[in-house]
Amino acid sequence: MSKKADLAKQPEQVSAMFDEVAERYDITNDVLSFGNDRLWRIALRRAVDPRPGDRVLDLAAGTGTSSAALAATGATVVAADFSPGMIAEGRRRFGHLPNIDFVEADATNLPFGDDEFDAVTISFGLRNVVDPKKALAEMLRVTKPGGRLVVCEFSTPPAAAVRSAYNLYIAKIMPLIVRLVSSNSEAYTYLNDSIRAWPNQKGLARWLREAGWGNVEYRNLTAGIAAMHRAFKPAG
């Protein structure tokens with residue numbers, strides 16, 4: 001039986017759900033986003049701005065596609081995910097790269113020391129964490145003073161016409177596509193629900209400030225269907 005998590009976001013449920021969709025996850029996302037996910041990954045890499053020698057934590061790394069792009073800059077990347085199936089798929093695809101380390105990890109209780117990373121990033125995964133505010137605090141803890149955080153997540157289109165069209169797509173069209181391309185269509189029902197329940201751009205910016213991050217800013221991607229938030233750990 002296919003596994004579907006709910007908005008209580010119990011870690012075991014969410015992990016099992018992502019285990020099931022790991023093999024076809026990137027293909028499904030590519031189809032559902034009409035290829036925009038590739039553009040979002042490029043924007044993410046530029047915002048993280050990894051440099052050779054940097055140590056970067058890529059949370060909710062999934063199959064490691066974004067981690068590999070970050071590693072291509074010469075940075076050392078820790079690709080972390082709480083789904084064993086995703087980690088296994090990531091190792092299968094990118095385990096040969098010398099500067100990526102795949103780690104199973106809970107974003108609310110990271111197995112890393114204080115002030116360990118130059119940059120931390122999480123793409124389309126924060127809304128799946130059982131306690132996202134606690135996760136943001138954990139990300140702050142493991143980031144070096146002056147280090148940066150980039151969060152890319154689905155958001156709320158500010159234009160009413162775009163917002164209406166997007167809500168229609170999520171409710172009516174996406175489920176039809178998912179049945180054709182995904183190995184677990186019920187999992188994407190949960191993902192749709194989680195998108196609708198997620199705070200808008202200003203709401204997530206407020207969470208970042210409350211967690212202790214400074215210089216918080218965001219920009220919309222694809223008319224606000226997604227948004228990228230960037231923040232820094234205070235240096236002092």
Side-chain angles (χ1 to χ4, degrees), residues 26 29-30 33 35-81 86 90 93-94 96-103 105 107 110 112-127 129 132 135-155 201-202 204-236:
D26 288 339
N29 288 344
D30 209 22
S33 70
N36 277 291
D37 60 320
R38 300 184 186 192
L39 300 177
W40 296 338
R41 280 197 295 270
I42 293 171
L44 174 82
R45 187 184 69 239
R46 290 173 176 169
V48 175
D49 190 24
R51 297 145 195 160
D54 275 359
R55 186 165 167 79
V56 179
L57 174 61
D58 185 15
L59 281 170
T63 59
T65 303
S66 293
S67 303
L70 294 168
T73 66
T76 297
V77 179
V78 176
D81 201 289
M86 287 289 190
R93 297 185 188 187
F94 302 111
H96 63 284
L97 298 178
N99 55 335
I100 298 183
D101 186 22
F102 287 90
V103 175
L110 293 172
F112 309 111
D114 296 352
D115 307 334
E116 191 170 330
F117 295 94
D118 297 284
V120 177
T121 183
I122 182 167
S123 303
F124 305 104
L126 186 59
R127 75 184 191 285
V129 177
L136 290 173
E138 270 290 271
M139 294 176 207
L140 184 74
R141 179 184 67 79
V142 302
T143 302
K144 295 177 181 178
R148 56 213 180 272
L149 169 70
V150 178
V151 179
C152 194
E153 189 53 88
F154 290 110
S155 200
Q201 292 88 328
K202 291 182 179 179
L204 181 53
R206 183 172 62 253
W207 284 7
L208 286 162
R209 294 188 188 97
E210 290 171 352
W213 292 95
N215 299 324
V216 178
E217 57 186 10
Y218 67 85
R219 72 183 182 94
N220 289 323
L221 305 174
T222 317
I225 289 173
M228 188 161 56
H229 288 67
R230 193 180 193 210
F232 291 84
K233 182 171 180 175

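The first residue in the sequence is number 1, and the count goes up from there.
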S.K.: Hey, what do you get for CG (L44) to CD1 (I122), rounding to the nearest 0.5 Å?
M.R.: 11.0 Å
S.K.: Of all heavy-atom pairs between V216 and A231, which one has the smallest distance, and what is that distance?
M.R.: CG2-CB, 3.8 Å
S.K.: Determine whether L208 and Y218 make a side-chain contact, defined as any pair of heavy atoms from C-beta on separated by less than 4.5 Å.
M.R.: no
S.K.: Can you see which heavy atom on P234 is nearest to which on G214, and at what distance?
M.R.: CD-N, 4.3 Å
S.K.: Under the side-chain hydrogen bond (donor to acceptor under 3.5 Å, both in side chains) rule, collect the residues that match up with Q201, sequence neighbours excluded.
M.R.: S155, N220
S.K.: Can you list, pair by pair, the side-chain donor-acceptor contacts under 3.5 Å of residues 50-57, counting residues two or more places apart and other chains?
M.R.:
residue : atom : partner : partner atom : Å
R51     : NH2  : D49     : OD2          : 3.0
D54     : OD2  : R51     : N            : 3.2
D54     : OD2  : R148    : NH2          : 2.9
R55     : NH2  : E116    : OE2          : 3.0

S.K.: What is the minimum heavy-atom distance between R127 and F154, and which atoms define it?
M.R.: NH1-CD1, 3.6 Å
S.K.: What are the two closest non-hydrogen atoms of W213 and T143, and how far apart are they?
M.R.: CH2-OG1, 3.5 Å
S.K.: Do the non-hydrogen side-chain atoms of D58 and I100 ever get within less than 4.5 Å of each other?
M.R.: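 With C-beta onward as the side chain, the pair stays apart.
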S.K.: In the structure I gave you, are the side-chain heavy atoms of M228 and V151 within less than 4.5 Å of one another anywhere?
M.R.: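 Side-chain contact under 4.5 Å: no.
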S.K.: Test of understanding: with ring-ring contact (aromatic ring centres under 6.0 Å, His included), list the residues that count as partners of F102, not counting sequence neighbours.
M.R.: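 Not a single residue meets the ring-ring contact (aromatic ring centres under 6.0 Å, His included) criterion with F102.
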S.K.: State, to 0.1 Å, how close A137 and A211 come at their nearest heavy-atom pair, and which atoms those are.
M.R.: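 For A137 and A211, the tightest heavy-atom pair comes out as N-CB, 4.2 Å.
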S.K.: Working to the nearest 0.5 angstrom, can you tell me the gap between W207 CH2 and L126 CG?
M.R.: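 Rounded to the nearest 0.5 Å, the CH2-CG separation comes to 7.0 Å.
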S.K.: Within this structure, what is the CZ-CZ distance for the pair F117 and R141, rounded to the nearest 0.5 Å?
M.R.: 9.5 Å
S.K.: For D101, which residues count as a salt bridge (charged side-chain N to carboxylate O under 4.0 Å, His left out) partner, sequence neighbours excluded?
M.R.: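 With neighbours one apart ignored, the set is empty.
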S.K.: What distance do E153 atom CD and L204 atom CG have between them, rounded to the nearest 0.5 Å?
M.R.: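 Between E153 CD and L204 CG, I get 8.0 Å after rounding to 0.5 Å.
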S.K.: Specify the closest pair of heavy atoms between T65 and R41, including all atoms of both residues, with the distance to one decimal.
M.R.: CG2-NE, 3.5 Å
S.K.: Quick check for you: to the nearest 0.5 Å, what is the distance between R230 atom CZ and N215 atom CG?
M.R.: 10.0 Å
S.K.: Which residues pass the side-chain hydrogen bond (donor to acceptor under 3.5 Å, both in side chains) test with D118, not counting sequence neighbours?
M.R.: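 If we apply the side-chain hydrogen bond (donor to acceptor under 3.5 Å, both in side chains) test to D118, skipping adjacent residues, the hits are K144.
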S.K.: Checking T121 side chain against V150 main chain: does a donor-acceptor pair fall under 3.5 Å?
M.R.: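 Confirmed, T121 side chain pairs with V150 backbone.
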S.K.: Under the ring-ring contact (aromatic ring centres under 6.0 Å, His included) test, which residues partner F232, sequence neighbours left out?
M.R.: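 Result, ring-ring contact (aromatic ring centres under 6.0 Å, His included) vs F232: none returned.
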S.K.: Under 4.5 Å between any side-chain heavy atoms of D115 and K233, yes or no?
M.R.: yes
S.K.: Does any part of the side chain of L59, heavy atoms only, come nearer than 4.5 Å to the side chain of L110, both counted from C-beta?
M.R.: yes
